[in-house]
Chemist: 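Next up is a structure, given as structure tokens.
Because the structure is predicted, anything quoted here is derived from the model rather than measured. Below, chains carry the letters A, B, ... as their sequence lines are ordered, and counting in each starts from 1.
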There are 2 protein chains.
Amino acid sequence: MKKLNCSMCILKSEATKSLNTGELKILSQNCVEVDFKKDEVLFKQNVLSSNVIYLQSGMVKLIIEGPQRKQILKLKKAPCYIGLPTTMGDKINHYSAVAIQATRACFIDITTFKKLLRLNPDFSYEIIVELCKSELEQFHRCINLLQKQVFGRLANNLIYFTEELYEMDEYDLPLNRNEFADLVCTSRESISRMLSELDEEKIIKIEGKRIKILNKEMLKKIRDNG
Amino acid sequence: MKKLNCSMCILKSEATKSLNTGELKILSQNCVEVDFKKDEVLFKQNVLSSNVIYLQSGMVKLIIEGPQRKQILKLKKAPCYIGLPTTMGDKINHYSAVAIQATRACFIDITTFKKLLRLNPDFSYEIIVELCKSELEQFHRCINLLQKQVFGRLANNLIYFTEELYEMDEYDLPLNRNEFADLVCTSRESISRMLSELDEEKIIKIEGKRIKILNKEMLKKIRDNG
DNA sequence: TTATTTTTGTGATAAACATCACGTTTTGTG
DNA sequence: CACAAAACGTGATGTTTATCACAAAAATAA
């Protein structure tokens with residue numbers, strides 16, 4: 001458990017930037033930095049939640065065990081907070097967080113986090129803005145999943161990977177076909193079939209987990225037309 | 001436009017209860033009370049957002065015009081805030097709000113609302129908790145829609161109406177079949193057929209918009225088994 | 001009232017996709 | 001390396017549900 005000095009941290013969140021020296025000291029004293037390897041669990045569904053987590057680097061998936069199947073709620077890429085709603089909204093985690101690559105995270109004790117919210121309204125304000133944005137995104141993600149059919153949803157995720165997550169036209173899928181299906185909300189078989197089809201039509205090139213976008217325009221058309 | 005005195009208001013939200021006299025005065029001076037009839041629009045998608053709205057009484061639906069179809073995001077019943085994420089999370093409304101019965105609402109100017117957030121961390125704190133709870137609910141609503149088939153989703157909404165919205169076993173649907181389909185995320189025809197079937201099986205009794213729950217246990221089984 | 005529009009119910013048809021089944025490939029391990 | 005286990009690809013089949021079509025009922029207007 002590394003001793004932290006949040007004042008010197010160059011990876012501060014928008015919210016943390018509004019903390020003063022004293023507040024940063026409180027944060028430092030109640031915050032630990034932890035490293036995670038791929039597939040390690042940051043927190044687990046149905047367990048008492050006791051920390052707000054700030055991702056310094058890396059990427060995680062948020063998974064929820066639904067009534068009928070597992071589902072990946074979203075992927076989160078550093079820098080960002082995770083587990084805010086599940087920590088502040090209830091005593092128990094409503095979902096799990098699992099690293100999908102090497103990830104470094106700050107675990108902030110929930111009472112400390114709440115204390116900072118009470119101490120510094122600018123800090124609170126930034127958190128509010130972040131929560132609001134996240135809720136809007138969530139609405140759109142939900143509608144995307146509900147109103148489009150599998151091809152459109154798949155294309156949507158492939159584009160999200162290229163443009164938001166990796167910012168590259170070629171990347172390794174961070175998920176296997178089963179998990180990818182949990183994200184797109186379909187079956188493993190459908191994912192397989194559709195990836196093959198996109199490959200055949202030379203819209204993407206696929207080799208195991210390696211994906212290369214060949215025709216982004218076409219892919220966007222597929223995303224937009226359902 | 002009625003002159004308000006928020007200090008005397010007996011319908012204060014959890015958050016507003018934490019405001020002091022001075023802050024309540026600021027609120028009073030920048031807040032108007034408006035009455036809406038059924039089907040009147042409180043705010044509209046794609047329009048600049050300029051108010052946070054607190055529902056004193058009544059009920060509204062939040063509607064989003066998706067890429068392929070209209071969808072009802074959720075129903076909100078007073079007392080509650082609406083439009084918080086769409087006002088704080090972006091400059092433009094991402095969805096519309098429409099009254100589904102006579103509704104009275106306070107329109108709070110967004111700059112005033114932001115000022116109160118900065119002035120009073122207890123106020124902010126309550127808003128944060130509300131946002132977090134709402135995001136968790138949203139996750140569950142989304143998963144419910146994605147993982148269950150239409151019968152389960154329909155049953156889920158019928159139970160939600162009885163237990164949460166009306167707290168009665170008999171009520172008038174606040175939506176016509178088309179809108180109900182937009183809420184359940186299916187087609188009007190499927191809604192018709194399934195309501196008829198539930199009626200035939202004597203699980204509900206249905207006469208136009210009037211619904212009576214006859215066998216709640218059975219309905220819950222349908223909800224839970226997909 | 002009658003006429004007209006909107007809402008609703010219901011059958012027939014078709015499409016999308018899950019599921020099952022099974023073979024192949026890849027990965028991991030002693 | 002050899003073997004077992006996990007991940008993956010692909011065909012066949014069946015189910016769910018959207019869509020189309022049209023009639024009946026209800027609401028609204030003239």
Side-chain angles (χ1 to χ4, degrees), chain A residues 37-39 61 66-72 100 143-158 172-201 204-211 222-223 225-226, chain B residues 37-39 66-72 100 143-158 172-201 203-211 222-223 225-226:
Chain A
K37 300 195 202 95
K38 180 168 159 49
D39 292 328
K61 56 182 173 184
Q68 3 278 118
R69 64 176 72 255
K70 195 170 72 176
Q71 186 170 340
I72 298 187
I100 56 180
I143 282 165
N144 182 64
L145 286 171
L146 282 164
Q147 299 196 355
K148 285 181 187 156
Q149 40 200 64
V150 182
F151 247 117
R153 310 208 295 261
L154 174 63
N156 187 53
N157 276 287
L158 290 175
D172 281 324
L173 267 184
L175 308 167
N176 66 27
R177 301 292 190 269
N178 249 315
E179 296 170 310
F180 200 12
D182 291 337
L183 180 66
V184 177
C185 241
T186 181
S187 65
R188 175 188 63 81
E189 293 92 328
S190 294
I191 289 284
S192 259
R193 261 186 276 269
M194 289 182 183
L195 283 177
S196 299
E197 196 170 333
L198 289 176
D199 183 289
E200 259 174 47
E201 312 238 343
I204 64 175
K205 183 159 166 294
I206 179 159
E207 249 183 280
K209 286 204 162 44
R210 190 102 197 134
I211 299 233
I222 294 171
R223 173 192 65 180
N225 297 327
Chain B
K37 299 193 203 98
K38 182 169 157 48
D39 292 328
Q68 3 279 117
R69 64 176 72 254
K70 196 170 71 176
Q71 186 169 341
I72 298 186
I100 55 179
I143 282 164
N144 182 64
L145 286 171
L146 282 164
Q147 300 196 353
K148 285 180 188 159
Q149 42 200 66
V150 182
F151 247 115
R153 309 206 296 260
L154 174 63
N156 187 52
N157 275 286
L158 290 175
D172 282 324
L173 268 184
L175 308 167
N176 65 26
R177 300 292 189 268
N178 248 315
E179 296 170 308
F180 200 12
D182 292 337
L183 179 67
V184 177
C185 241
T186 182
S187 65
R188 176 188 64 79
E189 292 93 329
S190 294
I191 290 284
S192 259
R193 260 186 277 270
M194 290 182 182
L195 284 177
S196 300
E197 196 170 332
L198 289 176
D199 183 291
E200 259 174 46
E201 312 239 341
I203 293 168
I204 64 175
K205 185 159 165 294
I206 178 158
E207 249 184 279
K209 286 206 164 40
R210 190 102 198 135
I211 299 234
I222 294 172
R223 173 191 67 179
N225 297 328

Chemist: Scan every strand shown for a Watson-Crick or G-U wobble partner of D/dA4, both distances under 3.5 Å, and answer none if you come up empty.
Modeler: C/dT27
Chemist: Taking the side chain as C-beta and beyond, is there a heavy-atom pair between A/I143 and B/P67 under 4.5 Å?
Modeler: yes
Chemist: Side-chain N or O of B/S190 versus OP1/OP2 of D/dA18: is the shortest distance under 4.0 Å?
Modeler: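 It does, given that an N or O in the side chain of B/S190 lies less than 4.0 Å from OP1 or OP2 of D/dA18.
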Chemist: Counting heavy atoms from C-beta on, name the nucleotide in D/dC8, C/dT19, C/dG11 closest to the side chain of B/R193.
Modeler: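 Minimum distance to the B/R193 side chain belongs to C/dG11.
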Chemist: With respect to the side chain of A/R188, which nucleotide from C/dT19, D/dA21, D/dG9 is positioned closest?
Modeler: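 So the nucleotide nearest the side chain must be D/dG9.
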Chemist: Would you kindly give the CZ-to-P distance between B/R210 and C/dT8, to the nearest whole Å?
Modeler: 16 Å
Chemist: Under 4.5 Å between any side-chain heavy atoms of B/L198 and B/E201, yes or no?
Modeler: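 The answer is no, as the side chains (C-beta and beyond) never meet within the 4.5 Å cut-off.
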Chemist: Round to the nearest Å and state the distance from A/L175 atom CG to D/dA6 atom P.
Modeler: 19 Å
Chemist: Would you indicate which nucleotide in C/dA21, C/dA18, D/dT19 comes nearest to any side-chain atom of A/E189?
Modeler: C/dA21
Chemist: Can you tell which of C/dT8, C/dC17, C/dA21 lies closest to the side chain of A/T186?
Modeler: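 Nearest nucleotide to the side chain: C/dC17.
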Chemist: May I ask you to say what B/K148 touches in the nucleic acid, namely base, sugar-phosphate or nothing, with a heavy-atom cut-off under 4.0 Å?
Modeler: nothing
Chemist: In whole Å, what is the span from the CG atom of B/N176 to the P atom of C/dT5?
Modeler: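 The distance from CG of B/N176 to P of C/dT5 comes to 19 Å, rounded to the nearest Å.
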Chemist: Rounded to whole Å, please give me the gap between CG in B/L154 and C1' in D/dT17.
Modeler: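 Spelled out: CG on B/L154 to C1' on D/dT17 is 14 Å.
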Chemist: Heavy atoms, side chains only, cut-off 4.5 Å: are A/E179 and A/K61 in contact?
Modeler: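 They are in side-chain contact.
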Chemist: Would you state whether a donor and an acceptor, one from the side chain of A/R177 and one from the base of D/dT10, lie under 3.5 Å apart?
Modeler: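 Counting by modelled atom types and ignoring angles, no donor-acceptor contact under 3.5 Å is found here.
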Chemist: Look at A/S196 and D/dT10 and indicate whether a side-chain polar atom (N or O) is within less than 4.0 Å of OP1 or OP2.
Modeler: yes
Chemist: Does A/K209 have a side-chain nitrogen or oxygen under 4.0 Å from the phosphate oxygens OP1 or OP2 of D/dC8?
Modeler: yes
Chemist: Could you check if a side-chain atom of B/R188 sits within less than 4.5 angstrom of a side-chain atom of B/F180, using non-hydrogen atoms only?
Modeler: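 With C-beta onward as the side chain, the pair stays apart.
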Chemist: B/D199 CG to C/dT8 C1': how many Å, rounded?
Modeler: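 To the nearest whole Å, that distance equals 14 Å.
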Chemist: What is the distance, rounded to the nearest whole Å, between atom CD of A/Q149 and atom C1' of C/dA14?
Modeler: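 These atoms are roughly 13 Å apart.
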Chemist: Take atom CG of B/D182 and atom P of C/dT7, then tell me their distance rounded to the nearest Å.
Modeler: 12 Å
Chemist: How long is the line joining CD1 of B/I191 and C1' of C/dT7, in whole Å?
Modeler: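 It is 14 Å, rounded to the nearest whole Å.
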Chemist: Taking NZ, NE, NH1 and NH2 as the nitrogens, is one of them in B/K209 or B/D172 under 4.0 Å from a carboxylate oxygen of the other?
Modeler: no
